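What follows is one structure encoded as structure tokens, with my remarks underneath.
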There are 2 protein chains.
Amino acid sequence: MTDIDELLSIRAAELYYEEDKTQDEIGTILRITRWKVGRLLAQAKANGFIRIEIVHPRARRLGLERQLRRATGLVDAIVVSTAGVVDELDLQKRTAQAAADYLSALRPVPRTLGISWGRTLHDISEQLKPGWANGVNVVQINGGVSLNARPGTAAATAVSIAQKGGGQFTLLPSPAILERVETKLAIASDRSVAAVLEMGAGASAYLFSAGQADAGSAHVDSGYLTPDQVDELVRKGAVGDVVGRFIDSAGQIVDPALDERTFGIPLEQLRRAKTAVAVIGGPRKHAIARSVVLSGLCTVLITDEDTAQALIGAA
Amino acid sequence: MTDIDELLSIRAAELYYEEDKTQDEIGTILRITRWKVGRLLAQAKANGFIRIEIVHPRARRLGLERQLRRATGLVDAIVVSTAGVVDELDLQKRTAQAAADYLSALRPVPRTLGISWGRTLHDISEQLKPGWANGVNVVQINGGVSLNARPGTAAATAVSIAQKGGGQFTLLPSPAILERVETKLAIASDRSVAAVLEMGAGASAYLFSAGQADAGSAHVDSGYLTPDQVDELVRKGAVGDVVGRFIDSAGQIVDPALDERTFGIPLEQLRRAKTAVAVIGGPRKHAIARSVVLSGLCTVLITDEDTAQALIGAA
DNA sequence: GCAGATCTTGCTCATATGAGCAGCGGATTA
DNA sequence: TAATCCGCTGCTCATATGAGCAAGATCTGC
């Protein structure tokens with residue numbers, strides 16, 4: 001395109017998009033035919049001079065969703081827009097809202113929903129509308145009695161999701177990580193606990209998040225791990241944790257001994273699941289999101305625009 | 001609008017603007033009629049959820065230009081977009097480009113063009129295309145022999161503008177500010193110098209910029225004023241200078257004694273001019289731009305989006 | 001300098017979109 | 001409870017826009 005045509009296309013675009021003139025009127029103003037105006041506008045679009053953004057907390061980026069599905073083979077991908085986001089809290093809320101929307105619209109409605117716990121899941125439970133489902137049974141899939149801060153939040157999340165969905169909840173009465181393997185095996189062998197794990201294993205859908213491996217990990221907050229222990233895991237290649245289990249960028253368990261002491265369904269059960277919805281957003285979770293997606297831990301990813309971009313760039 | 005309709009309008013907007021679907025197709029997807037889709041899109045626009053931006057160095061903001069004309073009574077206003085601007089240099093170049101474009105398209109073509117000097121005018125002279133006019137006489141309207149840095153830049157600007165416009169140039173052979181009033185009067189009374197001033201007074205159009213009043217003023221760089229002297233002017237209410245003369249926010253001369261020693265046409269000549277084009281952009285020039293416009297020093301303002309916004313908000 | 005190739009232009013025609021209007025339905029009030 | 005009103009819906013019709021094509025303009029290589 002010549003320089004003069006480029007300038008004309010910008011003038012045309014101004015009149016068309018800012019001034020709401022018709023292509024015919026623009027033609028009169030710029031002394032060109034209306035067909036040329038149409039072509040100039042098409043060129044301006046093709047050259048990327050026209051940027052259209054949908055600014056709304058619930059806006060999604062369908063183009064990125066498609067790219068993400070294609071690049072990763074995910075069954076579904078939801079990408080929330082970051083346009084107009086003011087802070088990280090805002091972004092977290094948007095992501096949770098999208099997850100709640102997705103869950104509400106999920107067909108077939110899962111009879112049994114296996115969930116993890118954490119800040120993200122808590123946010124989702126808040127965004128869900130009462131009546132989002134008609135009798136879902138919610139079951140925890142990993143241990144989650146918080147050792148120090150806000151005890152019972154994990155349970156509250158499950159309760160809220162179940163109640164709003166008009167169904168029952170089943171808690172996993174165990175810490176996330178036990179100190180000794182023997183203790184873990186002992187708890188697991190308890191009949192009632194085993195029943196919960198079994199129910200978790202048979203869930204028709206899973207909803208979970210993931211944590212990044214750094215000092216801000218929920219495991220540190222909850223008192224299961226010290227910052228030093230997390231550092232050690234990072235040194236071994238950990239990028240984050242999924243349902244309490246730390247994995248490297250290839251999706252492999254980083255520390256088998258620690259994993260033995262971690263209570264919850266094994267990752268293989270997520271990998272085999274027909275519907276496993278991962279909700280992972282925010283700038284610090286790019287690496288763990290990538291690992292989750294590429295190692296097949298989820299069939300559906302709900303994330304934000306920036307994370308999606310990083311994933312597409314890396315995949 | 002109900003909450004559900006708002007959400008629908010966002011979904012519709014995504015499909016329309018990102019996925020290039022027709023309203024009819026969107027209707028099928030969302031299970032609503034195509035007329036409802038049209039209405040939802042109209043609502044999304046009306047609510048400001050759809051943001052369209054033209055990203056190009058030569059993009060202008062016609063809407064702001066109109067508002068600016070209405071708010072200030074300017075004959076014309078050119079507002080360059082800041083979308084995609086990377087640094088202040090970029091913005092300066094855009095503004096200069098717009099000024100060059102405006103000057104090239106100005107009808108009737110001025111026979112005699114009075115110009116000031118400075119970084120902005122220099123940039124404009126660079127952006128002008130050879131042959132932008134067919135015989136303009138360019139005359140300097142204020143003194144401008146730089147005392148230390150880059151001597152001759154003021155002259156070079158006038159020469160360049162005249163040569164590219166196929167015309168003659170007339171320089172004003174005097175410093176910007178004299179040390180003593182007597183010296184100024186002596187120079188002014190010289191027959192040849194008086195002739196230049198007279199030519200400047202009779203110019204058919206003026207093109208000038210303005211400087212902010214702070215340590216970064218061109219007068220400090222050029223050695224005419226010390227930072228302390230500028231501070232003193234600021235204390236007296238100065239917001240900046242126009243053709244070398246410092247004015248307050250009402251457009252009044254701040255320091256009459258200093259002004260007596262300043263060489264160039266008086267501001268009243270600019271105020272009486274039929275065509276006086278001021279080119280003032282950048283975050284530090286909001287105050288001086290406001291003063292220039294509101295005190296009637298220009299009939300045309302060429303500026304950037306942010307400055308225009310500030311002007312409209314303040315006017 | 002000329003023949004062929006390619007690109008641009010102005011058109012016809014099909015389609016997409018917006019304006020305007022009648023009818024329906026749910027809310028409001030006497 | 002009935003009358004009235006307001007706003008939403010689905011339509012018709014006019015207009016705006018984009019696809020496709022033939023003719024003209026411009027470029028390229030010999």
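Every value quoted in this text rests on a predicted model; they were computed, and no experiment measured them. To find a chain, count down the sequence lines: A is the first, B the second, and so on, and within it residues start at 1.
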| said: Can you pull out every salt bridge (charged side-chain N to carboxylate O under 4.0 Å, His left out) where at least one residue sits in residues 32-44 of chain B? Sequence neighbours excluded, please. | reply: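 Residue pairs with at least one partner in residues 32-44 of chain B: B:D5-B:K36.
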Please collect all salt bridge (charged side-chain N to carboxylate O under 4.0 Å, His left out) contacts where either partner lies in residues 46-57 of chain B, sequence neighbours excluded, each pair once.
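Only A:R51-B:E53, A:E53-B:R51 qualify under salt bridge (charged side-chain N to carboxylate O under 4.0 Å, His left out).
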To the nearest 0.5 Å, what is the distance between OG on A:S209 and CD1 on A:I302?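 Atom-to-atom, A:S209:OG and A:I302:CD1 are 10.5 Å apart.
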Q | Contact interval (first through last nucleotide) of DNA chain D with protein chain B, 4.0 Å heavy-atom | A |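 Going 5' to 3' along DNA chain D, contacts run D:dT9 to D:dT12.
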Test side-chain hydrogen bond (donor to acceptor under 3.5 Å, both in side chains) applied to [X] - qualifying residues, sequence neighbours left out:
X	value
B:Q309	none
A:E19	B:R66
B:E305	B:R61, B:T82

Residue mapping more 5' on DNA chain D - nearest nucleotide basis, A:K45 or B:K36: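 Counting from the 5' end, the first nearest nucleotide belongs to B:K36.
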Closest-nucleotide mapping onto DNA chain D: is A:R34 or B:R34 further toward the 5' terminus? I mean the 5' end.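 Here B:R34 is the residue nearer the 5' end.
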Which pairs, with at least one residue in [range] and sequence neighbours excluded, count as a ring-ring contact (aromatic ring centres under 6.0 Å, His included)?
range	result
residues 50-100 of chain A	A:H56-B:F49
residues 63-84 of chain A	none
residues 61-108 of chain B	none

What are the residues of residues 23-31 of chain B, sorted by number, that bring a heavy atom to within less than 4.0 Å of DNA chain C?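 Contacting residues: B:Q23.
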Checklist entry - For B:D76, which residues count as a salt bridge (Lys or Arg N to Asp or Glu O under 4.0 Å) partner, sequence neighbours excluded? => result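 Residues passing salt bridge (Lys or Arg N to Asp or Glu O under 4.0 Å) with B:D76: B:R69.
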Mind listing the N/O atom pairs, protein and nucleotides 20-27 of chain C, below 3.5 Å?
from   : atom 1 : to    : atom 2 : distance (Å)
C:dG20 : O6     : B:R39 : NH2    : 3.4

